[in-house]
Amino acid sequence: QVQLVQSGAEVKKPGASVKISCKTSGYAFTSFALHWVRQAPGQRPEWMGWINPGTGNTKYSQKFQATFTITGDTSAKTAYMELSSLRSEDTAVYFCARGSREFDYWGQGTLVTVSS
Amino acid sequence: DIQMTQSPSTLSAFVGDRVTITCRASQSVSSWLAWYQQKPGAAPKLLIYKASNLENGVPSRFSGSGSGTEFTLTISSLQPDDFATYYCQEQNSDSFSFGQGTKLEIK
């Protein structure tokens with residue numbers, strides 16, 4: 001069965017960077033886009049960007065263009081997101097999700113807390 | 001970016017009720033609209049894609065309709081498991097914007 005398993009919770013200081021992994025199984029990794037979505041406490045989900053694992057091409061939300069990077073490792077069937085220059089407003093649960101337009105499978109989420 | 005607005009923000013209903021949630025887009029998204037259900041502490045779950053297509057495994061009491069800028073999600077007979085927050089998401093642009101959510105509560 002399709003599974004997306006994310007790395008564990010992180011606590012970071014303002015100005016630091018965080019890198020989260022999303023390990024996939026149960027389907028052809030290179031056949032589906034992988035997206036990153038975050039959700040701050042009590043807020044709507046917010047799309048951040050996506051990667052085509054087959055080509056490595058990426059597309060980012062303008063909001064995150066300067067501080068956000070998505071990479072993929074086809075041999076490990078794993079995608080990564082890195083967010084730099086963290087601020088308290090980046091405290092949120094970060095999800096990876098599979099799909100081209102609709103997101104049919106999601107990771108369990110990774111809580112990132114940014115606090116001094 | 002396309003702005004997505006849902007109404008109502010909160011909805012109280014009884015088990016067995018028929019309920020409808022509305023989602024409006026700031027510009028046409030054609031039929032590229034998805035609906036998700038989210039429970040506390042969990043990831044969103046896809047219910048409907050391309051406005052009216054039921055995702056595999058989702059009960060048939062869920063249905064979606066609409067096109068352009070106005071869409072609806074209908075639950076024909078509420079079950080206890082349906083009390084959750086529902087989000088619409090446009091799939092037509094590179095912003096994949098979500099609505100602010102509709103929290104469905106037990107009356």
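In the text below, chain A, chain B and the rest are named by the order of the sequence lines, each starting its count at 1.
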A quick test of your reading: do over 12 heavy atoms of other residues, nucleotides or ligands sit less than 6.0 Å from CZ of B/R61?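 Yes, enclosed.
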Within 6.0 angstrom of A/E89 CD, more than 12 heavy atoms from elsewhere: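 Correct, the count exceeds 12.
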Need one label for A/V37: side chain, backbone, both or neither, based on atoms under 4.5 Å from any heavy atom in chain B. side chain
Going by residue number, which parts of residues 101-116 of chain A are within reach of chain B, meaning a heavy-atom gap below 4.5 Å?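 Residues in range: A/R101, A/E102, A/F103, A/D104, A/W106, A/G107.
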Does anything in residues 11-27 of chain A reach chain B? List residues with heavy atoms under 4.5 Å apart, or say none. none
Which residue out of B/E90, B/K45, B/Q89 racks up the most heavy-atom pairs below 4.5 Å with chain A? B/Q89
For the OG1 atom of B/T85 and the CZ atom of A/R44, what is their distance to the nearest 0.5 Å?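 Output value for this atom pair is 13.0 Å.
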OG of A/S61 to CG of B/D94, rounded to nearest 0.5 Å, is 10.0 Å
ILVMFWY cluster, [X] and [Y] together (side-chain gap under 4.5 Å):
X	Y	value
B/I48	B/L11	yes
B/V58	B/L33	yes
A/L83	A/V93	no
A/Y94	A/W50	no
B/M4	B/I21	yes

Measuring heavy-atom distances to chain A, does B/N92 have an atom under 4.5 Å in its side chain, in its backbone, in both, or in neither? both
Highest number of heavy-atom pairs under 4.5 Å with chain B among A/K59, A/E46, A/K63 belongs to A/K59
Within residues 95-107 of chain B, which residues come under 4.5 Å of chain A, heavy atom to heavy atom? B/S95, B/F96, B/F98, B/G99, B/Q100
Minimum heavy-atom separation for B/A42 and A/F95, please, with both atom names. O-CZ, 4.1 Å
Pairing residues for A/Q39 by the side-chain hydrogen bond (donor to acceptor under 3.5 Å, both in side chains) criterion, not counting sequence neighbours: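 Only B/Q38, B/Y87 meet the side-chain hydrogen bond (donor to acceptor under 3.5 Å, both in side chains) criterion with A/Q39.
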